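Below: the structure, in structure tokens.
Since the structure is predicted, the reported quantities are computational estimates derived from the model, not experimental observations. All values below come from the heavy atoms of this structure, side chains included, with hydrogens, waters and symmetry mates left out.
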Amino acid sequence: MRVSCQLHVNQGDLEIVLPDILKELHSKYKSMQEGAVANYIPELAKVNPDLFSICIVTVDGQVYEVGDYEQLFTIQSISKVFAYGLALEDHGLDYVLTRVGVEPTGDAFNAIVLDEQSKRPYNPMVNAGAIATTSLIKGSGPTERLNRMLDMFRRYIGRDRDVFVDISAFTSERSTGHRNRAMAYLMLNFGMIDRNIEEALDLYFQQCAVIVNCQDLALMAATLANRGINPITKEQAVDSRYIKDILSVMYTCGMYNFAGEWAYKVGIPAKSGVCGGILAVVPHKMGIGVFSPRLDARGNSVRGVKVCEELSQQLGLHLFECSGQSRF
Ligand code: GLN
């Protein structure tokens, strides 16, 4: 039982209650059919809409999971969080801020909009900002930049098999992603991107097509929750000094034009993707991954949002929870 605002997860209690809570949430929302899979990227339309999994990894490396947690899918927008971390490591916060802001847009993830005054994209969690962020990744050429990106994902995922780009998803988006191309050209016009546009877009489409499963999402989230240290391999995936920057922008912008309501109701930093994944971070405690491909109108997983709302309520995860009535 938590008795103050200084939340502390009682590990013993978690081990007992989490398996049942996850099973209950999975069976409660399994029948929910609302929403539709993303189809603006042709490859994404092929996914089985009924897939559903929930996974939690604690900062001490305990794993709790239910459903199709080994099912592979492309990470899509969730990759933006990690590319932002790499850009911060490559250039430092001050420079990155000259190219990408940290203001929520209140608009859709794919809005073609830049800050009127500064001409920067609003934040790194929407497409325009993510393309600008990815264009900052250092490397002597496209291959080295892609390899640095994949190495970075490997540190978070920490599994013994390699991290791959799904070539079909990548080429599917490259041949249809003209809206993203339009944003990139607009940013080129304002000097927010200075590298070869097609190369920057290729790297962005490749990062979105990185293959993960729900366990990976939870472990990546747990790594962010654990000061950037992967709780299973103990490898430092990202410099801990940037964790607060990454989590702040996830908190305010990670769920697009639902970010305010999410912060209000769920109260933890999170990021969604049109694959149907949601990755949520409970700082110093745990990472949560949910995968269910049916999306609402804002591009967030319908079941994923429900599961996170209930998990937050049941476990008292909201960062500003002070009622003393939570279970931990
Ligand atoms: N690759 C997708 C795009 O750029 C990612 C969008 C998302 O997941 N919200 O449109």
Side-chain angles (χ1 to χ4, degrees), residues 29-54 67-81 83 105-113 121 125-131 134 164-186 198 200-214 216-217 253-259 261-262 270-279 289-308:
Y29 290 112
K30 205 172 154 55
S31 53
M32 192 176 213
Q33 306 280 308
E34 274 171 43
V37 303
N39 58 10
Y40 74 97
I41 301 173
E43 268 308 294
L44 289 183
K46 297 180 183 167
V47 72
N48 172 359
D50 294 323
L51 292 166
F52 185 25
S53 47
I54 313 169
D68 308 299
Y69 51 83
E70 287 186 327
Q71 173 67 43
L72 298 173
F73 52 90
T74 56
I75 189 167
Q76 298 302 330
S77 269
I78 298 169
S79 64
K80 293 167 179 170
V81 168
T105 61
D107 289 323
F109 66 86
N110 58 1
I112 306 182
V113 54
M125 302 290 113
V126 292
N127 287 11
I131 294 165
T134 298
F164 292 107
V165 169
D166 181 325
I167 298 298
S168 314
F170 162 56
T171 52
S172 177
E173 187 166 15
R174 181 164 62 169
S175 58
T176 56
H178 304 308
R179 197 178 169 96
N180 285 331
R181 204 160 269 120
M183 285 171 213
Y185 276 97
L186 191 61
E198 287 303 328
L201 282 165
D202 273 1
L203 187 56
Y204 171 73
F205 295 143
Q206 283 161 335
Q207 83 177 46
C208 288
V210 162
I211 300 169
V212 291
N213 62 29
C214 192
D216 296 332
L217 290 188
C253 311
M255 301 299 283
Y256 315 120
N257 39 343
F258 185 64
E261 200 172 326
W262 174 277
K271 183 76 199 80
S272 65
V274 288
C275 50
I278 295 182
L279 170 155
V290 188
F291 172 58
S292 170
R294 286 197 188 87
L295 309 178
D296 61 23
R298 287 137 162 167
N300 296 322
S301 167
V302 177
R303 288 171 178 159
V305 168
K306 284 280 169 214
V307 165
C308 291

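The line from NE2 of His178 to OH of Tyr185 is 11.5 Å long, rounded to the nearest 0.5 Å. One distance of note links OG of Ser301 with NZ of Lys306; it measures 11.5 Å at 0.5 Å rounding. In this structure, CG on Leu279 lies 9.5 Å from SG on Cys308, to the nearest 0.5 angstrom. Distance check, rounded to the nearest 0.5 Å: OG of Ser292 to CG of Asn300 gives 12.0 Å. Atom NZ of Lys80 sits about 7.0 Å away from atom CZ of Phe109, to the nearest 0.5 Å. Atom CG of Asp216 sits about 8.0 Å away from atom CD1 of Ile75, to the nearest 0.5 Å.
Residues Val210 and Ser79 fail the side-chain proximity criterion, which asks for heavy atoms closer than 4.5 Å. No side-chain heavy atom of Tyr40 sits less than 4.5 Å from a side-chain heavy atom of Asn110. Leu186 places a side-chain heavy atom less than 4.5 Å from the side chain of Ile112. Val212 is listed as a side-chain neighbour of Phe73, based on a closest heavy-atom distance under 4.5 Å. Under the 4.5 Å side-chain criterion, counting only non-hydrogen atoms from C-beta, Phe170 is in contact with Asp202. The closest side-chain heavy-atom distance from Pro293 to Leu51 is below 4.5 Å. Inter-residue side-chain proximity for Lys46 and Val37 is flagged as unmet; no heavy-atom pair is nearer than 4.5 Å. At a threshold of 4.5 Å between non-hydrogen side-chain atoms, the residues Gln71 and Ser53 do not count as touching.
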Assess whether side chain to side chain contact (heavy atoms under 4.5 Å, CB included) is satisfied between Phe258 and Val305, documenting all intermediate values. CA-CA 10 Å; Phe258 185 64; Val305 168; 3.8 Å; yes

Test side chain to side chain contact (heavy atoms under 4.5 Å, CB included) on Val113 and Met183; report intermediate values, then the result. CA-CA 8 Å; Val113 54; Met183 285 171 213; over 6 Å; no

Check the pair Gln76, Ile41 against side chain to side chain contact (heavy atoms under 4.5 Å, CB included), reporting the backbone distance first and the verdict last. CA-CA 11 Å; Gln76 298 302 330; Ile41 301 173; 3.9 Å; yes

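Of all heavy-atom pairs spanning Leu217 and Ile278, the tightest one is CD1-O, 4.0 Å. The nearest pair of heavy atoms linking Leu72 to Asn213 is CD2-CB, 4.0 Å. The heavy-atom pair separating Asn39 from Ala45 by the smallest distance is CB-CB, 3.7 Å. Contact detail for Asn127 and Ser77: the closest heavy-atom pair is OD1-OG, 4.1 Å. Closest approach of Val290 and Gly304 over heavy atoms only: CG1-CA, 3.7 Å. Between Val302 and Gly35, the shortest heavy-atom distance links the atoms CG2-CA, 4.0 Å.
For the pair Ser172 (side chain) and Glu43 (backbone), a donor-acceptor distance under 3.5 Å is present. No side-chain donor-acceptor contact under 3.5 Å links Arg303 to the backbone of Arg294. With hydrogens and angles disregarded, a donor-acceptor distance shorter than 3.5 Å links the side chain of Asp68 to the backbone of Phe52. No donor-acceptor distance shorter than 3.5 angstrom exists from the side chain of Thr134 to the backbone of Tyr204, with no hydrogens or angles considered. In this structure, Tyr256 contributes its side chain and Ser272 its backbone to a donor-acceptor pair below 3.5 Å. In this structure, the side chain of Arg181 engages the main chain of Arg174 through a donor-acceptor pair within 3.5 Å.
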